[in-house]
Amino acid sequence: MSSVEIQDREPQRIISVRRTIPIARLTEAQGESLLELSRLLRERGVAPAGFPFVRYHTFAEGETDVETGVPVDVEIEVSGRVERGELPGGRAVATFHQGGHDRLSEAYGRIEQWLSEHGQAEGPAWEVYEWFDLADDPDPAKWPAPADWRTWIIQPIK
């Protein structure tokens with residue numbers, strides 16, 4: 001898919017881990033957060049209500065404020081670094097990316113092009129990773145080949 005679509009989204013209850021980390025530790029930190037979320041879900045006997053996501057609140061020189069999370073359908077008791085929250089409802093522009101994340105910038109480019117012609121962003125975008133779920137511990141050895149990764153970029157708009 002090389003286009004964008006407008007979505008009317010309902011607010012979505014989530015649990016997540018938000019951290020400010022050096023960009024050089026991004027992959028490692030996201031893996032730690034996903035593992036923490038997966039284990040908490042299993043401890044509480046709660047199934048994920050959707051695919052995991054990553055939302056970058058800021059992306060500065062050398063570090064990023066990143067939130068790694070998963071939708072849930074029920075109120076869940078959290079612990080450690082895990083917090084309850086919500087992905088915003090309302091209008092959003094979305095685009096789909098098939099393949100490795102080394103080319104994810106193409107999807108962001110489609111969002112930026114749409115925004116420059118039609119609208120204005122309302123808060124940070126998030127990436128939804130449809131190629132694995134948190135019902136089990138995240139294990140890169142069990143993930144499909146990067147060519148088969150399916151990722152949505154969701155950008156709330158005004």
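Note that the structure is a prediction, hence the values are computed from the model and not measured.
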Name every donor-acceptor pair, under 3.5 Å, that has one atom in a side chain of residues 112-123 and the other anywhere in the protein, sequence neighbours excluded.
from	atom 1	to	atom 2	distance (Å)
Q113	NE2	E117	OE2	2.2
S116	OG	Q113	O	2.8

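Remark: side-chain polar atoms of S38 are not paired, donor with acceptor, to backbone N or O of L34 under 3.5 angstrom. In this structure, the side chain of R110 engages the main chain of F96 through a donor-acceptor pair within 3.5 Å. Between the T64 side chain and the T58 main chain, a donor and an acceptor come within less than 3.5 Å of each other. With hydrogens and angles disregarded, a donor-acceptor distance shorter than 3.5 Å links the side chain of R44 to the backbone of E77. Without hydrogens or angle criteria, R81 side chain to V17 main chain gives no donor-acceptor distance under 3.5 Å.
Interatomic distance, Y108 OH to T95 OG1, rounded to the nearest 0.5 Å: 11.0 Å. To the nearest 0.5 Å, the span separating CH2 on W143 from OH on Y129 amounts to 9.0 Å. Taking CZ from R91 and CD1 from I6, the interatomic distance works out to 5.5 Å, rounded to the nearest 0.5 Å. With rounding to the nearest 0.5 Å, the separation of CG in L134 from CZ in F51 is 10.5 Å.
Under 3.5 Å, the side chains of E127 and T151 contain no donor-acceptor pair of N or O atoms. Checking Q7 against E5 by side-chain atom types alone, a donor-acceptor pair falls below 3.5 Å. At a cut-off of 3.5 Å, with distance as the only test, no side-chain donor of E106 or H97 sits close to an acceptor on the other residue. Looking at W149 and Q98, their side chains never bring a donor and an acceptor atom within 3.5 Å of each other.
Hydrophobic clustering (ILVMFWY, side-chain heavy atoms < 4.5 Å, transitive): F132 and L26 are in one cluster. No continuous path of hydrophobic side-chain contacts links L35 to V66 [ILVMFWY only; heavy atoms under 4.5 Å].
Taking both residues in full, the closest heavy atoms of A60 and I23 are given as O-CD1, 3.3 Å, listed atom of the first, atom of the second, then distance. Nearest approach of A135 to P48, heavy atoms of both residues: N-CG, 3.7 Å. Residue S33 comes nearest to R19 through the heavy atom pair OG-NH1, 3.7 Å, listed as atom of the first residue, atom of the second, then distance.
Using a 4.5 Å heavy-atom cutoff, the side chains of P124 and F59 are not in contact. A heavy-atom distance below 4.5 Å is not found between the side chains of S16 and V82. By the 4.5 Å heavy-atom criterion applied to side chains, I153 and L104 are counted as neighbours. Using a 4.5 Å heavy-atom threshold, the side chains of I111 and Q155 count as touching.
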Item checked: Derivation of the side chain to side chain contact (heavy atoms under 4.5 Å, CB included) call for I76 and L41 -> CA-CA 8 Å; I76 183 172; L41 288 170; 4.1 Å; yes
Notebook entry, point to check: Can you check side-chain hydrogen bond (donor to acceptor under 3.5 Å, both in side chains) on Q30 and T68, steps first, answer last?
Noted result: CA-CA 6 Å; Q30 287 176 341; T68 304; 4.8 Å; no
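In this structure, the ring of H101 has its center less than 6.0 angstrom from the ring center of W131.
Other residues, nucleotides and ligands contribute more than 12 heavy atoms inside 6.0 Å of the CZ atom of R25.
One finds no salt bridge joining R13 and E86 here, because no Lys/Arg side-chain nitrogen approaches an Asp/Glu carboxylate oxygen to under 4.0 Å. With respect to the salt-bridge test (charged N to carboxylate O, under 4.0 angstrom), the residues D65 and R18 qualify.
Between F53 and the choices I154, L87, V70, the side-chain contact (heavy atoms from CB on, under 4.5 Å) rule is met once, by L87.
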